[in-house]
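Predicted model, so just to flag it, every value in this text is computed and none were measured. We count ligands from 1, going down the list as the structure has it; atoms in each ligand are counted the same way. For the numbers below, each heavy atom of this structure counts, side chains included, while hydrogens, waters and symmetry mates do not.
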Amino acid sequence: MAQKTFHFAKERKKIYELAYNLRWSYDCPTQQFFAKLSPRVWDRSNHNPISALSEISEEELRSRLMNHDLHAELNGCYESLQSYLKTVHIPVPSFKHFDKHPVAYFSAEIGIHESLPIYSGGLGILSGDHTKSASDIGLNFVGVTLFYRQGYFVQRINSEGSQLEEYNQHDYRSLPITPVTDEGGNLVKVQVQIGRSSVSVAAYKAVVGRSVLYLLETNLPENESHYRDLTARVYGGDSTTRISQEIILGIGGAKFLKEVELEPAVYHMNEGHSAFLTLELLHEQLLLGKSLGRAVEEVKKKCVFTTHTPVAAGHDRFTQDLINFSLSGFVSALGISLDEFMKFGRVNPNDKAETFCMTVLALKMSRAANAVSELNGKISRQMWTGLYPGKKAEQVPIGHITNGIHCLTWLSTEARALYEREVGPNWLNKLGRQTDWTSAVGKISDDELWALRYALRRRLIEFVRERMRRQQVRFGNSSDWVEKTLSADALTIGFSRRFATYKRAPLLFTDLQRAAELLGDSKRPVQIIFSGKAHPRDDAGKAFIQQVIRLSRDPRFTGKVAFLEDYDMGVARQLVAGSDVWLNNPRRPLEASGTSGEKVIMNGGLNCSVMDGWWREAYNGKNGFSIGEDKDSLVSVEEQDKIDSSNLYEVIENKVVPTFYDRDASGLPLKWIKMIKESLKTIAPVYNTTRMVKEYAQKYYIQK
Ligand SMILES: *Cc1c(COP(=O)(O)O)cnc(C)c1O
């Protein structure tokens, strides 16, 4: 074949432009292009294009691009990025308002992709999905978080079934981020006061479509070594580390945006970790000569706050001693006494016994606040009634916006291809218009949908086997048996998320006999795949992991229960694509919203969940399964667990399994497929971050 000549330097530049815009994290074709450049490194580096590129020599790259198809793919991806950056499909006129003054979004973790491990769980994934959708809909958006050099930990399971935590050092040069420098090439830095020291903070920039993230860090030669490590790990260390990280995020972040000459129209605090930013803004107002009261009013005009935590003990609190130790310099710069400072973080300002609560600070310093689902809103209003003397719980000004997910991030290639075929190339726009989408889904063929389910389930099973094989090799065991584990035809239940105990991972195994009968039915086989990390200091969560792993090795359950190690966004994508049923059984009302179940919808999975968080809003009796009823529990925790496990068995035994195995003459489970379509029609257009970010913009970002 005749080869077109090409300008290598130009093509190479395009590749790097693609790699440094994390839009690839939600664009399958670009990911496939990088995978082809170096399949081995792509896999080994957890799908990191910068690593993949670093292992290919110029010569090799040149010769790869001589391949006409690959060269054409590059140009296709490149043009697709350019057109993405230029056009907003359905522009919202009021977003123009932000063009000069962006929305600044602060979050302690932001999960964009598994290769950038600066997240630990749902809060981070939500932040990442928010960032991506803001870019999609053309909302000028800047995110601020920390650069955790060692990320969250890599989870290994040892042969006893215990979780081991490994930390890898990440070098920014092997990640799709760049240091923020001035015109002279010097790092842009700001100083924050922590204790008696002035600590330098620099930042990396990550570009996600049109959105920009600043990842702050303190690993700089001029900082003393214990300050250099402050930003090393996600939620690492004790409360002194915690408050220092929050000073860097909030105060450092606000200063950094100013340093790069951004003047945000609104500061959105996602959880209370970043709430010190309000005090930095207060400091600026005070320097302008405003009275404390006026300064607070000015800050409030610019800040909005999202709370996620439905239990009092879950909110960050710092003692007066720690505040004094870490922030005394900042307090005196504000020109107020320590006691006056403490009042910003107390429900009852005059109660000297009260610690400093970051959520209280955020609520006091915001013009608007919200929770992340309807029920979470109600719980939050009850929890914070004390902050609003004279108001009843229902009058507390905390609203709600139910969380969503970023569709293209969680959609499998196979499902995407199906929508392109069956709905048309503009399927994603149709998804944005309920009536168009409903009629489009109605026309998808049952055969195609069922073929998709098989393909995705099978891919998941192969993925699990491959991971298990590697694990066995590590243990020095034979891995032959792995071939026989799990089945591509069996009803596959997925359960993966952080192993926090309220999520009750082993609930299905409350009655072992009953679980054995359920999973051991040879005519109607059922299997369950678990994955998730427990926080390094959560011993009860770790015990749950061990319990699940023991079950997977129990003769009654071998080949039917699997635990996939090292849960991350990549593992999550496999699980949400391949699972037929997504199980979610938290202790209500502790799941503020939950989002993992929203990721299965477009892949044709069905939810089976306790009536908590987003699910009690989305469930309509026909689009998935409910565990128990939509009502508050009035009994003890032990009693609640018993009732919920019994409801769980009931729904799996009497509804899920019979519907899945009810087949017509050609082997299709027509009722099941009908439920998938109902779920696609009713859930997909609503529980996504396009809807969610628009709601934030309209209700909270744009000042009325
Ligand atoms: C979506 C996601 C979560 C959130 O799961 P929930 O079940 O909503 O708590 C956590 N971790 C990862 C890696 C995810 O992708």
*asked:* Tell me the contacting part of A572 for ligand 1: side chain, backbone, both, or neither, using a 4.0 Å heavy-atom threshold, strictly below.
replied: side chain
*Determine, considering heavy atoms only, which of S609, S596, G122 sits nearest to atom 5 (O) of ligand 1.*
S596
_Residue-level breakdown please: for K599 versus ligand 1, do any non-hydrogen atoms fall below 4.0 Å on the side chain, on the backbone, on both, or on neither?_
side chain
_For G594, atoms of ligand 1 separated by under 4.0 Å from a heavy atom_ = 8 (O)
_For H268 and T306: C-alpha separation, side-chain torsions, deciding distance, then whether side chain to side chain donor-acceptor pair (under 3.5 Å) applies._
CA-CA 8 Å; H268 181 180; T306 301; 2.6 Å; yes
*Please verify whether a non-hydrogen atom of K503 lies at under 4.0 Å from ligand 1.*
yes
*Does NZ or CZ of R149 lie under 6.0 Å from the centre of the six-membered ring of Y167, at an angle within 45° of the ring axis?*
no
_Checking Y619 now: which residues fulfil ring pair (Phe, Tyr, Trp, His ring centres under 6.0 Å) with it, not counting sequence neighbours?_
W615
*State the atoms of ligand 1, each with its element, that fall below the 4.0 Å cut-off from a heavy-atom position in T595.*
1 (C), 4 (C), 8 (O)
_Ring of F495, cation from R497 - is the NZ or CZ under 6.0 Å from the centre and inside 45° of the axis?_
yes
*Please could you name the atoms of ligand 1 that D568 approaches to less than 4.0 Å, counting only its heavy atoms?*
13 (C)
*Who passes ring pair (Phe, Tyr, Trp, His ring centres under 6.0 Å) against Y235, sequence neighbours left out?*
H273
*Below 4.0 angstrom from a heavy atom of G121, which ligand 1 atoms are there? Numbered from 1 as shown, please.*
10 (C), 11 (N)
*With heavy atoms only and a cut-off of under 4.0 Å, state how I405 meets ligand 1: side chain, backbone, both or neither.*
neither
*Could you tell me if the ring centre of H130 sits under 6.0 Å from that of F141?*
yes
*Under the salt bridge (Lys or Arg N to Asp or Glu O under 4.0 Å) criterion, do D129 and K599 qualify, and how do the steps go?*
CA-CA 11 Å; D129 284 5; K599 301 168 190 164; over 6 Å; no
*Taking N or O atoms only and a 3.5 Å limit, does R497 qualify as a polar contact for ligand 1?*
yes
*Would you mind telling me if ligand 1 is within reach of the side chain of W410, the backbone, both or neither, using heavy atoms under 4.0 Å?*
side chain
_Donor-acceptor pair, side chain of R588 and main chain of M611, under 3.5 angstrom_ = yes
*At what distance is the nearest protein heavy atom to atom 11 (N) of ligand 1, and which residue and atom is it?*
Y567 CE2, 3.5 Å
